[in-house]
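I have placed the structure first, in the form of structure tokens, so that the comments after it can refer back to it.
Residue numbers start from 1 in every chain, and the chains themselves are labelled A, B, ... in the order their sequence lines are given, proteins ahead of strands. Note that the coordinates shown come from a computational prediction; the quantities given were computed from them, not determined experimentally.
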2 protein chains.
Amino acid sequence: MGARSMDEAPAGWDEVATRLRARGLRWTAQRRTLVGVLAGTSGHVTGADLVERCRAVDPTTTPSTVYRTLDVLEDLGIVRHAHGADGREEFHVRPAADHGHLRCDRCLQVWEIGPDEARSLVAAIEAARGFTVDLSHLSISGRCAACREASPRG
Amino acid sequence: MGARSMDEAPAGWDEVATRLRARGLRWTAQRRTLVGVLAGTSGHVTGADLVERCRAVDPTTTPSTVYRTLDVLEDLGIVRHAHGADGREEFHVRPAADHGHLRCDRCLQVWEIGPDEARSLVAAIEAARGFTVDLSHLSISGRCAACREASPRG
DNA sequence: GCCCGTATTGCAACGAGTTGCAATAGCATC
DNA sequence: GATGCTATTGCAACTCGTTGCAATACGGGC
Ligand SMILES: [Mn+2]
Ligand SMILES: [Mn+2]
Ligand SMILES: [Zn+2]
Ligand SMILES: [Zn+2]
């Protein structure tokens, strides 16, 4: 593992404090806790999930603070969220690439729609309407191939 | 107004009772209230909205009953729902045609994506993944042309 | 190292749903 | 028109957030 590419973005969680202060925002104990939790998380997580994980680190954690901080971090581009089929928020932690979601409402599996695959979809809407799609917030429900075969009607 | 086309689907709200019973379900006072409210509603409505309107008719209305009945009616295809940007449910009452939604998160306006416009989008996903999109549940956020011009960065 | 403006927090109350359960009431059958 | 099965209701408690407000505590400036 010696030949790791040098220009890969570093973890970068340490820059968060700086970026907050640069905007006149503050680096508090509560934010340190949440950012610590996020640094140890990958993939998609629920807001409630994050509250719970913060509480594991600091039992005095309050939900409103966590949700408010998530809003701030989303402004900074550090997290993104989309919504599950029930509308609940799901956060992506430092998504490698911008992506949308495809979810089967029968087997509940989720697939990511990468930027390449999304390109034509996004371009079509852009062309027809001048509307810029927020890809990371996109969550498409339906039925996957396997489930459709399993129960054509139902 | 004499020359109304004859084959237009009739209001059809009266069939609801029959369709419920055909499935072994029941036609209750509470369901009569909700269906009455729906018959007098068009476009998109929130669940909470519907609870409120039912209460105007029958003050003893209970939220859980309304939401449970909406689920049943959705099974019957009488209503459909999608989600607002905040994830809250929004119902379409007897949508004329299956359609998706485009919503600008700056001006909060909503546009419908008709079946024709959606066709290519849906077909692309179907072709690439074998995934069948639930168009009426689709809600795409982003920024409309006007808002993008108004504040290119922001 | 202290001051002070203001960003942030915690609390409490609220809003939108959801769920388990015991009581009620459709409705199909006789 | 009465009976019985079971779908449905209402209640209460719970989940996931959101919001207003007074108290707290960052952190830039001195
Ligand atoms: Mn939904
Ligand atoms: Mn959202
Ligand atoms: Zn599936
Ligand atoms: Zn707009």
Side-chain angles (χ1 to χ4, degrees), chain A residues 16-37 44-55 57-76 78-79 81-91 105 108 137 139, chain B residues 16-35 37 44-55 57-76 79 81-91 105 108 137 139:
Chain A
V16 176
T18 315
R19 296 184 54 196
L20 283 170
R21 284 197 271 254
R23 288 199 181 195
L25 305 177
R26 292 170 190 181
W27 184 233
T28 66
Q30 294 83 346
R31 289 178 178 177
R32 267 190 287 271
T33 302
L34 177 55
V35 167
V37 165
H44 303 118
V45 222
T46 300
D49 237 330
L50 290 170
V51 170
E52 208 175 321
R53 294 192 202 188
C54 282
R55 255 203 247 273
V57 176
D58 171 7
T60 73
T61 299
T62 290
S64 52
T65 299
V66 173
Y67 288 111
R68 283 192 280 227
T69 301
L70 284 168
D71 282 349
V72 171
L73 295 180
E74 189 149 14
D75 271 351
L76 262 55
I78 291 165
V79 299
H81 81 270
H83 296 267
D86 54 0
R88 212 158 281 168
E89 286 186 318
E90 276 173 13
F91 291 88
D105 38 54
L108 308 181
H137 192 265
S139 186
Chain B
V16 176
T18 315
R19 295 183 54 195
L20 284 169
R21 283 196 272 253
R23 288 199 180 196
L25 305 178
R26 291 168 190 181
W27 184 232
T28 66
Q30 295 82 348
R31 287 178 180 179
R32 267 190 288 271
T33 302
L34 176 55
V35 167
V37 165
H44 302 118
V45 221
T46 299
D49 238 330
L50 290 170
V51 170
E52 208 176 320
R53 295 191 200 188
C54 283
R55 255 202 248 272
V57 176
D58 172 5
T60 72
T61 300
T62 290
S64 54
T65 299
V66 174
Y67 288 111
R68 282 191 280 226
T69 300
L70 284 168
D71 282 350
V72 171
L73 296 179
E74 190 150 14
D75 271 353
L76 262 54
V79 299
H81 81 270
H83 297 266
D86 53 0
R88 213 159 280 167
E89 286 186 319
E90 276 173 14
F91 292 87
D105 38 53
L108 307 181
H137 192 264
S139 186

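Comparing atom distances between the B:E89 side chain and each of C:dG17, C:dT19, D:dT18 picks out C:dG17 as nearest. The side chain of A:T62 lies closest to C:dC11 when the candidates are D:dC16, C:dC11, C:dT9. Considering only the side chain of A:R31, C:dT9 comes nearest among C:dT9, C:dC27, D:dG28. Taking only side-chain atoms of B:Y67, from C-beta outward, the nucleotide of C:dG17, D:dT19, D:dG27 with the closest atom is C:dG17.
Nearest heavy atoms, A:T61 versus A:R55: O-NH1, 2.8 Å.
Listed pair A:Q30 / D:dA25 fails the phosphate criterion, with no side-chain N or O lying under 4.0 Å from OP1 or OP2. Dashed line: the shortest gap from a side-chain N or O of B:R21 to OP1 or OP2 of C:dC27 is under 4.0 Å. OP1 or OP2 of C:dT8 has not a single side-chain nitrogen or oxygen of A:T28 nearer than 4.0 Å.
Between A:L25 and A:R31 there is a side-chain heavy-atom pair separated by less than 4.5 Å. Looking at heavy atoms from C-beta onward, B:W27 lies in side-chain contact with B:V35 at the 4.5 angstrom threshold. Residues A:V72 and A:R23 fail the side-chain proximity criterion, which asks for heavy atoms closer than 4.5 Å. Between A:T28 and A:T65 the shortest side-chain heavy-atom distance does not fall below 4.5 Å. Residues A:H83 and A:R88 form no side-chain contact, since every pair of their non-hydrogen atoms from C-beta on lies 4.5 Å or further apart.
Separation of atoms CG (B:D105) and CG (B:D86) is listed at 11.5 Å; rounding is to 0.5 Å.
Where B:P63 and A:D58 each meet DNA chain C at their nearest nucleotide, the meeting point lying more 5' is that of A:D58. Residues B:L25 and B:S64 both approach DNA chain D. Their nearest nucleotides, taken by heavy-atom distance, put B:L25 toward the 5′ side.
One can place CZ of A:R32 at 7 Å from P of D:dC26, the figure rounded to the nearest angstrom. In this entry the distance linking CG of A:L20 with C1' of D:dG28 reads 16 Å, nearest Å. Between A:L70 atom CG and C:dT9 atom P the separation is 11 Å, expressed in whole Å. What separates CD of A:E90 from P of D:dT15 is a distance of 19 Å, to the nearest Å. Between the CZ atom of B:R68 and the P atom of C:dC21 there is a distance of 13 Å, given to the nearest Å. Distance NE2 (A:H83) to C1' (C:dG17): 16 Å, rounded to an integer number of Å. The nearest whole Å value for the distance from the CZ atom in B:R55 to the C1' atom in D:dG10 is 12 Å. Summarising the geometry, the separation between CG on A:D86 and P on C:dT18 is reported as 8 Å, rounded to the nearest angstrom.
Each end of the helix from C:dG1-D:dC30 to C:dC14-D:dG17 gets its own axis, taken as the rotation carrying the C1' atoms of four end pairs onto the next four within a five-pair window, and the two axes meet at 30° to the nearest 10 degrees.
By the 30° and 60° cut-offs, the orientation of the rings of A:F91 relative to A:H81 is tilted.
Taking only distance into account, the side chain of A:R26 meets the base of C:dT6 through a donor-acceptor pair shorter than 3.5 Å. For a distance-only test at 3.5 Å, the side chain of B:R88 fails to qualify as a donor-acceptor partner of the base of D:dG17.
Among the atoms of the strands shown, none is found under 4.0 Å from any heavy atom of B:G87.
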